[in-house]
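Written out below as structure tokens is the structure these notes cover.
Bear in mind the structure is a predicted one, so any value in this text is a computation, not a measurement.
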Amino acid sequence: MAHLIEERGHYAPDGSWQLSILVTDMNIQRNLYVTGEEHIGGLMLKLVNEIGMSLKPLKLNHRLLYVFHLFPVHISRDWSDHALWWPDKRQWLRHTRSTLDQKGITAETQLEFTPIHKEAKVQLPDKQLIDARLDFSVNVFQCTQKLCRDIGIRYSEELSLKRYIPPDVMRRNATYDDGPVPIRPGEESVGPMTIRKAAPIFASQSNLDRRRHQSPALSTQGHVFNAYEMGTLPRHGNTLPRGVSPGPGAYNDTMRRNMMPSISFCEGLENENFDQALVHSPRIAPTKDTPVFRPQNLVEKAALNRGWLDSSRSLMEQGVFEGDIVILQFRFMSFFDLNPRYDPVRINQLYEQAKWSILFDELDHTEEEANLFAALQLQATLQRDSPEPEDRGKDDVDIMLDELENSLDAAAFSKRADLTEVPSLADYLKYMKPKKLAFKGFKRSYFVFRDLRLSYYNSPAEQAGPPLGDFVLRGCEVSPDVSVSQGKYQIKLLVPTAEGMTDVILKCETENQYARWMAACRCASRGKTMADASYMQEVESIKHLLNMHTGTLPRGENGAAGGKKAAPVKLPNDFNVDEYLSQRYVKRRSKQQIQQKVSDTHSSIKQLTATEAKLQYIRAWQALPEHGMHYFVVRFRNSNRKSDLIGIANNRIVKFNQENGDTLKTWRYTSMKKWHVNWEIRHLKVQFNEEDIEFKPLSADCKVVHEFIGGYIFVSMRSKEQSQTLNEEMFQQLTGGWG
């Protein structure tokens, strides 16, 4: 019992010193005598043995005294879910072989012995708020992986966690002159100029700045008020008595509902019992009073990336504590192997995230596109209770046969004349270079597309000579400018040339012409020719999207001939325009006009199942020019401008004009040599073949920007021909930020 003897100055004659440790879920604090050579593992073992010695209360003369039993009574308990937490340093002590001296622990240190799994509220992509038990000690990458496994989402590397930021805070102070303020112990950063006190874990936690002198889990009277110990909060539908924490078995279920078992990274999920509340999300109707963040400009769109958590650090290390709200979202807009057979939850959650981004104006879209999104959403809603056809699922053999068939089709397409002919397109098109003031309108020329090169002439007879102009489209930016109702089929190209980025607009006359040329340009931007199998798939995808805009049924579907206008359908009585269109378009027209437009568009897709409608919604969402572009306000080194706007995409970094959104410069990942972060000045430096760029992010931490670059490179390395084992080490190497 020498460790219980109080010594002056907290030091014993043998050189040991007193260390105070709070056991958060038992309302007790223990003072142990230790030495600097003691290991973390030995300290925890000593603490557990000390906790096992209980105290028996006796009441004498109306005073409450504690005396020891003659023989110690040990409490049998599983402590495997507990670890030591250092509040001052905001650090988990997980390396059990490290000594106290190596970690810098002294007699002034306040430690906590606390469960690593804690309750949190997780907002899913569909805006459902669920109760989840998360591991607060592992990094966010692993925490997200476990959460996705529990709810049935494959490829968890596409998602991550964000901290919740109130909409009014999101709108205020989108940037700060010197960048985000560094996080200090006891505070959490929710963006520049928004440092606030971390949310209290316990009811008595009033000031986290007291952590150096007093554990935040203790009140001034020395009592702990843990809601779970007092049995006031439910844990999986039940309450726990005071002083009792669940064993490891309680952590297998993530949500308050009975969830499906965990799944491996690429393991098939057919026949699994998916939670239907995640496959078909409950109806959430936004109102005018609902506090939401609707970005009004590009700078406010940059604020959407302020809350992403560092994938290499744990939740508690980043100021997220028990009971806080975290947001699960798809972060990297590159979705691998979406399969209705295995991914009903993943498809629905992705569809819901796409839907809310449209309703909240996070991505620019036309009124025609808004009507298509509304029609697809309506079809998914109407078909949610209808069973999916059982024969739609394809096994691996069927999928391989389909891929072989597509390859053979592409090969046949490339052999139209003879075996040596290179696939090409040739037709009269109108074009315009907006930045050339001499061109005040469209000019008509004869265009030839071969390999990755786009050339144009006055007439077909001049093909033997030099062209009027030509462009290599590898690495160019391709975006549609289409209005089917107005007969507008334009292709916007931003082509890298020796003079910089060159704008070119191609104007097609018909849907078929637009589909062929648009598909060729998209393939060329990815470095693929028309001989690639993806070309014909791209053509058919574009045609199908145009058919949905025009309200015509493809040939053979539902027995109707191709090109026939489908009969409009009557919308349900509870159709609420606020649930289907963004406020920007709701305010433009009357409710009756909107319903008529949606009904006309819906008539062309009424044959789709709920899953097909969601997949079409996702594809239309991916076709938007802004899809997959993550904005950040930065300051370039040696620049005279106070700030600039950049975008991080899956294959490039883009510099924009903040006022009008025009592209000023594009840097492709294919020409990147290396990139790293200078943590002292919070600068990110990227070295390309042609030049180096260095900037300081102002709207988010530099680690967020770095993770987007490294994360997109990581997800681009996935392939069906390679093993799909999730390589966390590679992810951390690409996103770690060390040169």
Legend entry - Q91 vs K103, side chain to side chain contact (heavy atoms under 4.5 Å, CB included): CA-CA, chis, key distance, verdict: CA-CA 10 Å; Q91 178 183 356; K103 304 300 292 187; 3.1 Å; yes
Inset, instruction - Taking all non-hydrogen atoms of both residues into account, name the closest pair between R331 and L309 and its distance. - result: NH1-O, 3.9 Å
Inset, instruction - To the nearest 0.5 angstrom, please state how far the CD atom of Q18 sits from the OH atom of Y33. - result: 4.5 Å
Legend entry - Rounded distance (nearest 0.5 Å) linking atom CE of M730 with atom CE of M717: 4.5 Å
Inset, instruction - Return yes if some donor-acceptor pair links the side-chain N/O of E694 with the main-chain N/O of V686 below 3.5 Å, else return no. - result: no
Inset, instruction - Kindly indicate, with the supporting measurements, whether the criterion side chain to side chain contact (heavy atoms under 4.5 Å, CB included) is fulfilled by F731 and L726. - result: CA-CA 9 Å; F731 180 88; L726 183 55; over 6 Å; no
Legend entry - Close side-chain approach of K685 and Q687, heavy atoms under 4.5 Å: yes
Inset, instruction - Starting at OG1 of T144, measure out to CG of L159 and round the result to the nearest 0.5 Å. - result: 7.5 Å
Inset, instruction - Look up atom CG in D81 and atom CD1 in I116, then write down how far apart they are to the nearest 0.5 Å. - result: 4.5 Å
Legend entry - Nearest atoms (heavy-atom pairs only) where C148 meets L328: SG-CD1, 4.5 Å
Inset, instruction - Ignoring hydrogens and angles, tell me if any N or O in the side chain of Y712 forms a donor-acceptor pair with the backbone of S334 under 3.5 Å. - result: no
Inset, instruction - Give the C-alpha distance, both sets of side-chain angles, the deciding distance and a yes or no for side-chain hydrogen bond (donor to acceptor under 3.5 Å, both in side chains) between N678 and E680. - result: CA-CA 6 Å; N678 185 328; E680 292 185 2; 5.8 Å; no
Inset, instruction - Determine whether P115 and T24 make a side-chain contact, defined as any pair of heavy atoms from C-beta on separated by less than 4.5 Å. - result: yes
Inset, instruction - Supply the atom-to-atom distance W85 CH2 to E112 CD, rounded to the nearest 0.5 angstrom. - result: 8.5 Å
Legend entry - Pairwise side-chain contact, H117 with F136, heavy-atom cut-off 4.5 Å (strictly under): no
Legend entry - Non-hydrogen side-chain atoms of R637 and I693 separated by less than 4.5 Å: no
Legend entry - Aromatic plane relationship, W79 with F113 - under 30° parallel, 30 to 60° tilted, over 60° perpendicular: tilted
Legend entry - Geometric cation-pi criterion, R346 with Y155: 6.0 Å, 45°: no
Legend entry - Whether K46 side chain and G41 backbone form a donor-acceptor pair below 3.5 Å: no
Inset, instruction - Could you tell me whether a side-chain N or O of E158 sits under 3.5 Å from a main-chain N or O of F336, the two making a donor and an acceptor? - result: yes
Inset, instruction - Check R97 against H39 and note the closest heavy-atom contact, atom names and distance. - result: O-CD2, 2.6 Å
Inset, instruction - Check the pair R306, V704 against side chain to side chain contact (heavy atoms under 4.5 Å, CB included), reporting the backbone distance first and the verdict last. - result: CA-CA 8 Å; R306 286 166 59 178; V704 176; over 6 Å; no
Inset, instruction - Return yes if some donor-acceptor pair links the side-chain N/O of D324 with the main-chain N/O of V320 below 3.5 Å, else return no. - result: no
Legend entry - Heavy-atom side-chain proximity of F632 to I646 below 4.5 angstrom: yes
Inset, instruction - Could you tell me whether the side chain of Q318 and the main chain of S314 form a donor-acceptor pair under 3.5 Å? - result: yes
Inset, instruction - Of all the heavy-atom pairs spanning S137 and R94, show the shortest one and how long it is. - result: OG-NH1, 2.6 Å
Legend entry - salt bridge (charged side-chain N to carboxylate O under 4.0 Å, His left out) between E707 and K703, worked out: CA-CA 6 Å; E707 279 202 17; K703 183 62 162 64; 2.6 Å; yes
Legend entry - More than 12 heavy atoms of other groups within 6.0 Å of K673 NZ: yes
Legend entry - Spatial distance of atom CE (M26) from atom OG1 (T114) [nearest 0.5 Å]: 13.0 Å
Legend entry - side-chain hydrogen bond (donor to acceptor under 3.5 Å, both in side chains) evaluation trace for S20 with Q29: CA-CA 7 Å; S20 177; Q29 184 163 313; 2.6 Å; yes
Inset, instruction - Given side chain to side chain contact (heavy atoms under 4.5 Å, CB included), test S16 with V34 step by step and report yes or no. - result: CA-CA 5 Å; S16 62; V34 297; 6.0 Å; no
Inset, instruction - Take R718 and E157 through the salt bridge (charged side-chain N to carboxylate O under 4.0 Å, His left out) test and state the conclusion after the steps. - result: CA-CA 11 Å; R718 299 176 297 181; E157 69 276 11; 2.7 Å; yes
Legend entry - Closest contact, heavy atoms only, W308 versus Q329: CH2-CB, 3.8 Å
Legend entry - Listed partners of V138 passing side-chain contact (heavy atoms from CB on, under 4.5 Å), at least two apart: D135, Q142, C143
Inset, instruction - State whether the side chain of E119 and the backbone N or O of L134 hold a donor-acceptor pair below 3.5 Å, judged by distance alone. - result: no
Legend entry - Heavy-atom side-chain contact between I709 and L684 under 4.5 Å: yes
Legend entry - Whether R313 side chain and D310 backbone form a donor-acceptor pair below 3.5 Å: no
Legend entry - Minimum-distance pair of heavy atoms, taken over all atoms of F714 and N727: CE1-O, 3.4 Å
Inset, instruction - Keeping the roles fixed (side chain from H706, backbone from T735), state whether a donor-acceptor pair exists under 3.5 Å. - result: yes
Inset, instruction - Flag the pair V633 / D644 as yes when at least one side-chain heavy-atom distance between them is below 4.5 Å, and no otherwise. - result: no
Inset, instruction - Please examine the side chains of W92 and E317, heavy atoms only from C-beta on, and report whether any two atoms are closer than 4.5 Å. - result: yes
Legend entry - Side-chain H-bond candidate by donor/acceptor type, R149 with S156, under 3.5 Å: no
